[in-house]
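Below is one structure, written out as structure tokens, with a few remarks after it.
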Amino acid sequence: MDKYVSALMSKMTLDEKIGQLNLPTSSDFTTGQASNSDIAKKIAEGKVGGLFNIKSVAKIREVQKIAVEKSRLKIPLIFGMDVIHGYETVFPIPLGLSCSWDMQEVGHSARIAATEAGADGICWAFSPMVDIARDPRWGRIAEGSGEDPYLGSQIARAMVRGYQQDLSDNTDIMACVKHFALYGAAEAGRDYNTTDMSYSRMFNEYLPPYRAAVDAGVGSVMASFNDVNGIPATANKFLQTDVLRTRWGFKGFDVTDYTGINEMVAHGLGDLQTVSALALRAGIDMDMVGEGFLTTLKISLQQGKVTKAEIDTACRRVLEAKYKLGLFANPYKYCDERRAATEIFTADNRTAARKIAADCFVLLKNQGNVLPLKRAGTIALIGPLADNKVNMTGTWSVAADPSKSVSLWQGLKDVAGDGVKIMYSQGSNLDADSLFEQRAEMFGKILHQDPRPAADMISEALNVAAGADVIVVALGESAEMTGESSSRSNIEIPQVQQDLLKALLKTGKPVVLVLFTGRPLAIKWENDEVPAILNVWFGGTEAGHAIADVLFGDTNPSGKLTTTWPQNVGQVPLYYNHMNTGRPLPEGAWFQKFRSNYLDVSNDPVYPFGYGLSYTHFTYSDLTLSDSALKGNQQLTVTVTVTNDGSKDGREVVQLYTRQLVGSITRPVKELKGFQKIALKAGESRQVTFNITPQDLKFYNNELKYDWEPGDFVIMVGGNSRDVLPAKINWAR
Ligand code: BGC
């Protein structure tokens, strides 16, 4: 590769080298504010390194042809896309996917996405998004894997391996881990907002998933929009070079986010020429959309503001990516019409999407075993998300045709069987907010507002409910209320829908709330009042079938939350792995004077991290440690007996947490250090074993030294982060 790229670069002019650093957007989708013009002309002039937001083999082949036939050096383009949770076959939103805690399924979803995208001309996915997020106000919490660095790292690794096992194959595409870094820590959960963070928190809690992606060999990294401790990530040499390359040994290329360079003008770092030079010098290789590199690097070189070596390095990294993808050997490697016709949105892929989706849903409550539904009698299916296809694919499913996804109504009809009668009524709009129509317009008008007064819609729903044995009500957020630029300061179910739910509860009939959401919602009232709640995120192409599979008990729910669900927005950020404070509230207490708490709400979440019910029941017993005192590099073996003491087969996520009781810096009250998803038949017991070594106890201290400290530890095992069995151990140096 080195020889090939060096030989090519020796023929390149400065303009051609700078051209390789330019990544314009095509116009098949809109994923940002700005756009690019004269793309074909620029490609022919060697001023483009890659293109994104373009879909189909035919179009990609046509553009690639310009690059390899009309440009002087015939350098192929790299084609990117936001392939985030599937391509045309859409899987649950990433936050949902993380709730499966099933690394095989997570990896499999990425594998299918890569196969489909690769069959359609795409060789580069802007995924995985691994930003740790603890603030549900932030709409992009939907795109990540929740609040935990350990689980987030496992998922980052599984995703990268799923996309790019072997890049010599055209079913593998290059992954791009994003958004580097700390995008999920935006102040107040407002998108694109400032982040400011201690280095120990950064390294212990936020950076591990990016690092895991790098260790898994991710081919590219995308810089984030936000500033980090005063320097926008795009110009942050500490992040893009010192951490990414020097500390972690990243060898791929580093791309900005959409106009990330230009936005540093608004951040207040200078004009376009200045910020472009800052980005290059920080370690950025490719400029998405903004053309700051294209239009200013030459003059910056003449003025001594950047060096030839810096431009060469960036150019080399982009060319190396193309080499690794095999595009020099065959620029049309991913342009195979036959594959495009046979490998996308296949029955097999949809079957996988259905199964994976069902494993991501989280049963939040099931009082009196309202669920699973019986295959007899009449179901009233009510709610604005019940007969809705377009919302099922959630945020970032640009390649999908949402009209091909399965609505809940359709899913229920397909799965219920002949003995069940299903009656439907919309019951309410998604939101009554006047801005709603405007937002819908921006997102392609996929939301239909029913013009009838809310009271009329409710009374129609009550008429339908009157004839039913059970009410299934599909409520929550619309896909547009989640994802990029969709922060919310109120994280409750919109009022019009709550009004509907209240009216339905008054009927006294059993109510099952099927909750669609892209974030943890504040549903304390719903949890108190509604007998059964199944959280289904946005389940993707096969959402309707998968939800029906779980509602009727064909699949026993096994998803567990990967974020803490607060009682109200005022508790945010609320996460399980917090520090203890010097005045902690005693467990079980609500308010005590001079303790760390609120006057008007307890410190507890509605649902803790790791929580999720099943149609069966698991008990934990006999937590045993191989030793109560260990020394140095010995290994601790932790065993626990898990029993399925319910009447159905099921799967359980067994979670292991540790706590370091005394440290040189304050340490979290709990940290996830291991988990296993096991299947147990009704009545079956199994001993589950975890091994821990001092390697697992390491953390970054305030000097960023990564080591473990001897002393007392509590080892905890349970089915969620709150309900655990504890055992103590002393670990000496
Ligand atoms: C988003 C990225 C995305 C990019 C390209 C940006 O607005 O932040 O996540 O990959 O657009 O569409």
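Note that the structure is predicted; figures quoted are calculated from it, not measured. All ligand and atom numbering here is 1-based and tracks the order in the structure.
- Between F180 and Y210, the angle of the ring planes goes over 60°, which puts this pair in the perpendicular group of the 30/60° scheme.
- E187 contributes no side-chain N or O that, together with a main-chain N or O of T194, makes up a donor-acceptor pair within less than 3.5 Å.
- Remark: aromatic rings of W101 and F609 are close, center separation under 6.0 Å.
- Within ligand 1, the atoms closer than 4.0 Å to a non-hydrogen atom of F52 are 5 (C), 12 (O), numbered from 1 in the order shown.
- Residue contacts with ligand 1 for M81 are absent, since no atom lies close enough (heavy atoms, distance under 4.0 Å).
- When only non-hydrogen protein atoms are considered, atom 2 (C) of ligand 1 lies nearest to D257 OD1, 3.3 Å.
- The pair K324-D172 does not count as a salt bridge, with every side-chain nitrogen at least 4.0 angstrom from each carboxylate oxygen.
- Every atom of ligand 1 with a heavy atom of T31 under 4.0 Å away is listed here by number and element: 5 (C), 7 (O), 11 (O), 12 (O).
- Taking only nitrogen or oxygen atoms, main chain and side chain alike, W396 does not reach within less than 3.5 Å of ligand 1.
- Looking at M129 against ligand 1, nothing comes within 4.0 Å, counting heavy atoms.
- Salt-bridge annotation for D242 and R247: absent, with no side-chain N of the basic residue lying under 4.0 Å from a carboxylate O of the acidic one.
- Heavy atoms of F225 approach ligand 1 to within less than 4.0 angstrom.
- Less than 4.0 angstrom separates some heavy atom of Y258 from each of these atoms of ligand 1: 6 (C), 7 (O), 11 (O).
- Ion pairing between D285 and R317 holds under the 4.0 Å rule for side-chain N and carboxylate O.
- Contact check on E542 versus R350 returns a salt bridge, with a Lys/Arg side-chain nitrogen under 4.0 Å from an Asp/Glu carboxylate oxygen.
- Considering backbone and side-chain N/O of R140, one or more are found under 3.5 Å from N/O of ligand 1.
- For the pair Y183 and ligand 1, no heavy-atom separation below 4.0 Å is found.
- Between the side chain of T563 and the main chain of G146, no donor-acceptor pair closer than 3.5 Å is present.
- In this structure, atom 12 (O) of ligand 1 lies nearest to the protein heavy atom D82 OD2, 2.4 Å.
- Judged as a ring pair (Phe, Tyr, Trp, His ring centres under 6.0 Å), the pairs with a partner in residues 128-174 (not counting sequence neighbours) are, in order, W138-Y183.
- At a heavy-atom distance under 4.0 Å, only side-chain atoms of E484, from C-beta outward, approach ligand 1.
- The closest approach between any non-hydrogen atom of M222 and ligand 1 is below 4.0 Å.
- The distance from ligand 1 to the heavy atoms of K178 drops below 4.0 Å at these ligand atoms: 2 (C), 3 (C), 9 (O), 10 (O).
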